Amino acid sequence: MPRTLTRLAALGALSRMRERGYGGEMLAVVNTPGGAAPVEIREVPEPEPKADEALVAVHAFSLNRGETRLFQVRHEGWRPGQDIAGVVARQATDGSGPAAGTRVVCLTDWEGWAERAAVPSHRMAALPDNVSFAQAASLPVAGLTALRTLRHGAPLLGKRVLITGAAGGVGNLAVQLAARSGARVTAVVGSAERAKVLDGLGATEIVTSIEQAQGRYELILEAAGGASLKAAIDRVEAKGVVVIYGNSSGESTPLDFRMFGEHQNARLQGFHYFTSEPEEKFGADLRLLVSLVADGSLKPRIVEHDWHDIPAVGARLLARGIAGKAVFHIPQH
Ligand SMILES: NC(=O)c1ccc[n+]([C@@H]2O[C@H](COP(=O)([O-])OP(=O)(O)OC[C@H]3O[C@@H](n4cnc5c(N)ncnc54)[C@H](OP(=O)(O)O)[C@@H]3O)[C@@H](O)[C@H]2O)c1
């Protein structure tokens with residue numbers, strides 16, 4: 001949308017809020033663990049941004065596997081939502097961050113899946129005109145995880161990199177970022193059907209089981225856990241790194257010093273995207289990711305839905321039925 005129109009849309013959202021009165025109500029996704037569905041869309045109070053937070057009118061958001069699991073364990077009334085894209089309705093009152101009307105992608109702690117969200121001004125990046133809200137919304141958690149796990153193998157030029165769960169949200173972005181950095185990427189997917197999502201994204205090789213991955217790798221991104229993590233250790237180069245960033249299978253892995261006999265001085269690196277790098281780097285890394293989407297070198301694979309579809313899509317995600325990222329649109333009235 002041209003810049004003037006987005007600014008008008010943001011001002012429209014703000015004036016509708018004023019009509020309803022600050023301290024009024026808006027729609028948001030709310031956790032309902034004992035209910036008919038794991039979450040529902042309900043009226044909640046409008047956010048009250050702090051001085052260093054912008055008020056963002058949310059147009060699209062994405063769902064992460066970890067959040068889907070949280071639906072089951074968090075209390076009734078908890079409000080999920082980390083990955084959002086939209087338009088700044090009101091700039092942070094301390095003057096930091098993008099001005100009202102700017103299209104942005106943001107990382108929030110929680111409570112982002114709502115008509116409006118309060119977002120720290122350093123946790124957002126302005127969107128180039130050719131990056132859609134849906135593409136942008138797929139980036140924060142998955143893109144930051146892909147980018148930052150790969151940094152454990154930098155520089156990647158010419159290195160062999162093995163990526164498990166490559167058809168998933170983090171995996172498909174990691175394949176692209178690694179290939180763009182000059183790595184020779186082996187992507188592990190669950191089936192030939194799942195491999196289709198990686199068409200044209202730069203993987204040197206796609207295998208349907210980690211057991212088919214031949215030779216040694218200097219960097220391995222591993223989030224399936226269990227037998228997959230054991231197989232990853234069997235394939236790491238001496239002094240190489242296995243970045244362990246998830247356990248999608250829920251299985252554990254036996255670990256023993258002797259496993260490293262043929263992989264001497266290899267490292268197992270635990271990874272948490274949120275604390276892996278300083279807080280002030282979120283904005284710069286989000287800007288990097290959107291710039292790569294804008295120049296065509298990062299192509300998020302997304303499936304788009306209305307936000308009322310979250311319960312059904314969440315179940316499909318947990319059952320390994322979503323390739324790439326599920327993105328949801330919030331209707332703009
Ligand atoms: N540490 C962090 O900071 C961080 C950040 C983001 C995500 N994570 C974690 O990283 C993992 C990947 O996240 P994501 O958003 O990419 O999830 P996702 O979109 O669901 O992708 C996970 C992929 O793993 C593959 N997989 C292999 N074995 C699996 C199993 N036994 N059960 C389920 N999936 C299996 C699936 O692909 P196939 O069916 O094709 O094999 C699936 O596409 C999750 O465990 C998530 O919780 C951690």
Side-chain angles (χ1 to χ4, degrees), residues 61-73 80-83 107 109 137-152 162-178 186-199 201 203 206-213 220-232 241-253 268-277 279 281-282 285-286 289 300-303 305 310 313-328:
F61 62 86
S62 78
L63 171 64
N64 294 291
R65 172 172 283 267
E67 289 169 316
T68 312
R69 288 217 195 91
L70 286 179
F71 296 166
Q72 297 150 11
V73 296
Q82 292 176 274
D83 295 345
L107 175 72
D109 283 336
S138 73
L139 294 175
V141 172
L144 290 169
T145 301
L147 178 67
R148 293 175 169 195
T149 48
L150 288 171
R151 284 186 177 140
H152 284 285
L162 179 64
I163 298 176
T164 66
V170 175
N172 93 86
L173 296 174
V175 166
Q176 297 180 64
L177 293 172
T186 298
V188 184
V189 298
S191 65
E193 182 63 27
R194 302 275 289 163
K196 288 182 188 158
V197 76
L198 296 176
D199 276 355
L201 297 188
I206 301 177
V207 295
T208 53
S209 153
I210 191 168
E211 305 300 334
Q212 294 165 11
I220 302 179
L221 305 189
E222 212 311 288
S228 179
L229 175 54
K230 162 74 171 64
V241 187
V242 181
V243 181
I244 303 172
Y245 70 96
N247 185 7
S248 299
S249 67
E251 295 164 7
S252 56
T253 309
L268 302 184
Q269 173 71 54
F271 175 88
H272 298 82
Y273 82 95
F274 205 77
T275 47
S276 62
E277 299 196 23
E279 174 74 30
K281 243 188 129 181
F282 281 121
D285 280 352
L286 287 172
L289 290 165
R301 298 304 205 211
I302 53 177
V303 282
H305 295 271
I310 298 175
V313 176
R316 272 176 51 210
L317 179 66
L318 286 180
R320 300 162 77 165
I322 303 278
K325 287 283 290 178
V327 174
F328 300 87

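It should be emphasised that the depicted structure is a prediction, and the values quoted were computed from it without experimental measurement. Here, residue 1 is the first one in the sequence, and each next residue gets the next number. Each ligand, and each atom within it, is numbered from 1 in the order the structure gives.
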Is Phe274 close to ligand 1, meaning an N/O of one under 3.5 Å from an N/O of the other? no

Looking only at N/O atoms, are Gly190 and ligand 1 under 3.5 Å apart anywhere? yes

Look at atom 30 (C) of ligand 1 and say which protein heavy atom is nearest, naming residue and atom and giving the distance to 0.1 Å. Arg320 NH1, 3.3 Å

Quick check: does any side chain N or O of Thr208 sit under 3.5 Å from a backbone N or O of Ala192, one acting as donor and the other as acceptor? no

For ligand 1, which atoms, with element, lie under 4.0 Å from some heavy atom of Tyr273? 2 (C), 3 (O), 5 (C)

Keeping Arg194 on the side-chain end and Val189 on the backbone end, is there a donor-acceptor pair under 3.5 Å? no

Could an N or O of ligand 1 be found under 3.5 Å from any N or O of Tyr245, whether backbone or side chain? yes

Within the 4.0 Å heavy-atom cut-off, what Thr145 brings close to ligand 1 is side chain

Side chains of Val313 and Ile310: closer than 4.5 Å at any heavy-atom pair? no

Taking Arg65 for its side chain and Gly168 for its backbone only, find out whether a donor-acceptor pair lies under 3.5 Å. no

For Val141, is there any backbone N or O sitting under 3.5 Å from a side-chain donor or acceptor partner on Asp83? yes

For Gly169, the atoms of ligand 1 under 4.0 Å from one of its heavy atoms are 16 (O), 18 (P), 19 (O), 21 (O)

Whether the side chain of Ser62 engages the backbone of Phe328 through a donor-acceptor N/O pair (distance < 3.5 Å, no angle test) should be reported. no

Evaluate the criterion side chain to side chain contact (heavy atoms under 4.5 Å, CB included) for residue pair Phe271 and Thr145; output intermediate values, then yes/no. CA-CA 9 Å; Phe271 175 88; Thr145 301; 3.8 Å; yes

Tell me: protein heavy atom nearest atom 20 (O) of ligand 1, and distance? Arg65 NE, 2.6 Å

Compare Ser228, Gly171, Ser248 and give the one whose heavy atom is closest to atom 45 (O) of ligand 1. Ser248

Near Leu317 (heavy-atom distance under 4.0 Å), the atoms of ligand 1 are 19 (O), 20 (O)

For Ala224, counting its heavy atoms only, list the atoms of ligand 1 lying under 4.0 Å from any of them. 27 (C), 28 (N)

For Phe282 and Phe274, take the angle between the two ring planes, folded into 0 to 90°, and tell me which bin it lands in: parallel under 30, tilted 30 to 60, perpendicular over 60. tilted

Just going by heavy-atom distances, which of Ala326, Ala146, Gly246, Ser249 is nearest to atom 31 (N) of ligand 1? Ser249

Atoms of ligand 1 under 4.0 Å from any heavy atom of Gly168, numbered from 1 in the order shown, are 16 (O), 19 (O), 21 (O), 43 (O)

Candidate with minimal heavy-atom separation from atom 36 (C) of ligand 1, of Glu251, His272, Arg194: Arg194

Between the side chain of Asp285 and the main-chain N/O of Leu289, is any donor-acceptor distance below 3.5 Å? no

Closest to atom 16 (O) of ligand 1 among protein heavy atoms sits Val170 N, 2.8 Å

Closest protein heavy atom (residue, atom, distance) for atom 25 (C) of ligand 1: Gly165 CA, 3.7 Å

Can any side-chain N or O of Glu67 pair as donor or acceptor with the backbone N or O of Gln82 at less than 3.5 Å? yes

